[in-house]
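Below you'll find the structure, written out as C-alpha cells, and then a few comments.
All of these numbers come straight from a predicted model, not from anything done at the bench.
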Amino acid sequence: METILYPHSSPLFNLKPSSSKALFFPSNQPKSSSLSLITRPVTSNLKKQPSESAKPFLSLPKSWLSHAHHGLAALALSLALNFCPVLPTNSALASEFDVLNGGPPQESYVVDDAGVLSRVTKSDLKRLLSDLDSRKNFRINFITVRKLTSKADAFEYADQVLERWYPTVEEGSNKGIVVLVTSQKEGAVTGGPAFVQAVGDTILDATVSENLPVLATEEKYNEAVFSSAKRLVAAIDGLPDPGGPSFKDNKRESNFKSREETEEKRGQFTFVVGGLLVIAFVVPMAQYYAYVSKK
C-alpha cells in the first residue's frame with residue numbers, strides 16, 4: 001500500500017517542469033503573452049507621440065521668424081536700390097567723363113562706350129578711316145554712349161569732346177567727332193574748321209538728320225555708324241554722295257475695316273449668335289420634354 005501511494009515511484013505523478021508546460025491549454029498561454037504585447041506598445045506609443053508631435057510645433061516659430069527676417073532684408077535692399085538716385089547718376093556721369101578724360105583712341109577710331117558695335121564694324125571703320133587719315137590727313141573719331149546727363153544734347157557733348165581732346169585750333173582743325181546716343185536715338189557731327197570745310201554743311205546736316213537718327217531709331221547702330229563714315233569720307237574725297245538710308249513709308253495701316261469686310265464679319269457674327277441662342281433655348285426644352293415624358 002505504501003509503495004502504491006508513494007508519489008515518487010509512479011511515473012504518472014512524476015511530472016517534470018518541461019512536461020508541465022505541455023499540459024497547459026494553448027488558450028491560456030497566448031492570453032498572457034498577448035496582453036503583455038498589447039499593453040507595452042500602447043504605453044510606449046503614448047509616451048513617444050507627444051515628443052514627436054511637439055517638435056514641429058516648436059520648430060515652426062523659428063522657421064517663420066527666419067523667413068520673415070530674410071523677407072524684410074530683401075525688401076529693404078530692393079527699396080534701397082530703387083529709391084537711391086545716387087548710384088545710376090554716378091555711373092552715367094562716370095561713363096561720360098571716362099570718354100572725355102580718356103582722350104582720343106590711339107589704335108582705333110572708335111570709342112564704343114555703349115557697347116553696340118560689332119567687331120566687324122570696328123574693323124571696317126578702322127580700315128576706312130585709317131586710309132583717309134593716311135591719304136588726306138583727316139581724322140574722324142566715332143563715339144557711342146548710352147545716355148547723356150551732363151549736357152543737353154549730343155551737339156554740346158561732341159563740342160566738349162573736341163575741345164577736351166584737341167585743346168588748340170591747330171590740333172583740332174582737321175579732326176572730326178561723331179557722337180551717337182543710343183537711348184535718345186540721336187547723333188551729332190562736329191569738327192575743326194578744315195574738317196567742316198572739307199565735308200560741307202549739306203553733308204553734315206544730312207548725316208545728322210538721316211543716317212544717325214533714322215537707323216538708330218530702328219536700333220541698327222552698326223549700319224548708322226558705318227554709313228555715316230562712308231558718307232563723310234566720300235565728301236572729303238570729293239566723290240558723289242552715297243546718300244542716306246532710304247526712308248520707309250511710315251504710313252500706318254488703318255485699323256478700321258472696309259465696308260465689305262464689316263458686312264462679311266457682321267453676317268458671320270449674326271450666324272454664330274443665332275446658333276448659340278437656338279442651342280440655349282432648344283436644348284433645355286428638349287431635356288425637359290424628355291424628363292416629363294418619362295414620368
Side-chain angles (χ1 to χ4, degrees), residues 95-96 98-146 148 154-155 157-182 185-216 218-245:
S95 177
E96 295 177 32
D98 284 343
V99 175
L100 289 172
N101 298 328
Q106 301 298 327
E107 298 180 358
S108 65
Y109 297 83
V110 181
V111 179
D112 185 21
D113 185 72
V116 294
L117 300 181
S118 63
R119 294 182 179 179
V120 177
T121 301
K122 293 178 182 179
S123 177
D124 294 340
L125 284 173
K126 183 177 181 180
R127 186 186 71 256
L128 179 65
L129 298 177
S130 61
D131 179 69
L132 176 68
D133 193 0
S134 61
R135 291 187 297 103
K136 298 289 185 177
N137 196 23
F138 282 99
R139 181 182 178 89
I140 306 175
N141 296 311
F142 282 81
I143 303 171
T144 65
V145 292
R146 294 186 181 276
L148 292 178
F155 288 97
Y157 184 71
D159 292 335
Q160 186 181 11
V161 172
L162 181 64
E163 294 174 0
R164 180 69 64 87
W165 287 2
Y166 309 105
T168 63
V169 178
E170 290 76 12
E171 291 179 352
S173 179
N174 59 343
K175 305 298 190 301
I177 302 293
V178 181
V179 175
L180 176 62
V181 185
T182 58
K185 312 298 182 184
E186 66 176 5
V189 181
T190 188
F195 174 80
V196 174
Q197 184 179 1
V199 176
D201 294 335
T202 303
I203 301 300
L204 290 175
D205 295 338
T207 304
V208 172
S209 60
E210 295 176 3
N211 297 77
L212 295 176
V214 173
L215 296 173
E218 300 176 1
E219 296 185 355
K220 298 179 179 180
Y221 303 115
N222 292 277
E223 186 177 353
V225 170
F226 191 65
S227 63
S228 300
K230 291 192 297 182
R231 199 166 190 178
L232 295 174
V233 171
I236 294 174
D237 288 336
L239 300 176
D241 182 21

Please determine whether side chain to side chain contact (heavy atoms under 4.5 Å, CB included) holds for the pair F195 and I236, giving the CA-CA distance in whole Å, both sets of side-chain angles, and the decisive distance to 0.1 Å. CA-CA 8 Å; F195 174 80; I236 294 174; 4.1 Å; yes
Once you round to the nearest 0.5 Å, how far does OG of S228 lie from CG of L204? 11.0 Å
Residue pairs passing the side chain to side chain donor-acceptor pair (under 3.5 Å) test where at least one lies in residues 191-205, sequence neighbours excluded: none
Is the shortest side-chain heavy-atom distance between V161 and L100 below 4.5 Å? yes
If I take atom CG from residue D124 and atom CZ from residue F226, how far apart are they, to the nearest 0.5 angstrom? 4.5 Å
Quick check: do R135 and D237 have side-chain heavy atoms less than 4.5 Å from each other? yes
If the test is side chain to side chain contact (heavy atoms under 4.5 Å, CB included), which one of D133, L128, L132 qualifies with Y109? D133
Minimum heavy-atom separation for R231 to P242, with atom names? CA-CG, 4.0 Å
Sorted by first residue and then second, give each side chain to side chain donor-acceptor pair (under 3.5 Å) pair with at least one member in residues 99-108; sequence neighbours left out. N101-R164
For side chain to side chain contact (heavy atoms under 4.5 Å, CB included), just list the numbers for F142 and L117, CA-CA rounded to whole Å, side-chain angles, deciding distance to a tenth of an Å, and then say yes or no. CA-CA 11 Å; F142 282 81; L117 300 181; 5.8 Å; no
To the nearest 0.5 Å, how far apart are OH in Y166 and OG1 in T168? 11.0 Å
With A158, which residues qualify under side chain to side chain contact (heavy atoms under 4.5 Å, CB included), at least two apart? I177, V179, A188, T190
Looking at side-chain heavy atoms only, is the closest gap between V99 and W165 below 4.5 Å? yes
Looking at P105 and V110, what are the two nearest heavy atoms and their distance? CG-N, 3.9 Å
More than 12 heavy atoms of other residues, nucleotides or ligands under 6.0 Å from NZ of K126: yes or no? no
How far apart are the closest heavy atoms of L125 and A229, and which atoms are they? CD2-CB, 3.6 Å
Write out all pairs satisfying salt bridge (Lys or Arg N to Asp or Glu O under 4.0 Å) with one or both partners inside residues 111-122, taking only residues at least two apart or from two chains. D112-K122
Between A154 and V181 the two heavy atoms that sit nearest each other are CB-CG2, 4.0 Å
To the nearest 0.5 Å, how far apart are CD in E218 and CD in E223? 8.0 Å
All side-chain hydrogen bond (donor to acceptor under 3.5 Å, both in side chains) counterparts of R139, not counting sequence neighbours: N141
Contact check, side chains of I203 and D241, non-hydrogen atoms, under 4.5 Å: yes
I need the minimum non-hydrogen distance between E210 and P245, along with the two atoms involved. O-CG, 3.5 Å
Can you measure from OG (S227) to CG (L232) and round to the nearest 0.5 angstrom? 9.5 Å
Side-chain touch L180/Y221, heavy atoms, less than 4.5 angstrom: yes
Restricting to side chain to side chain contact (heavy atoms under 4.5 Å, CB included), what partner residues turn up for S118, sequence neighbours left out? V120, T121, N222
Could you tell me the separation between the CG atom of L129 and the CD1 atom of I140, rounded to the nearest 0.5 Å? 5.5 Å
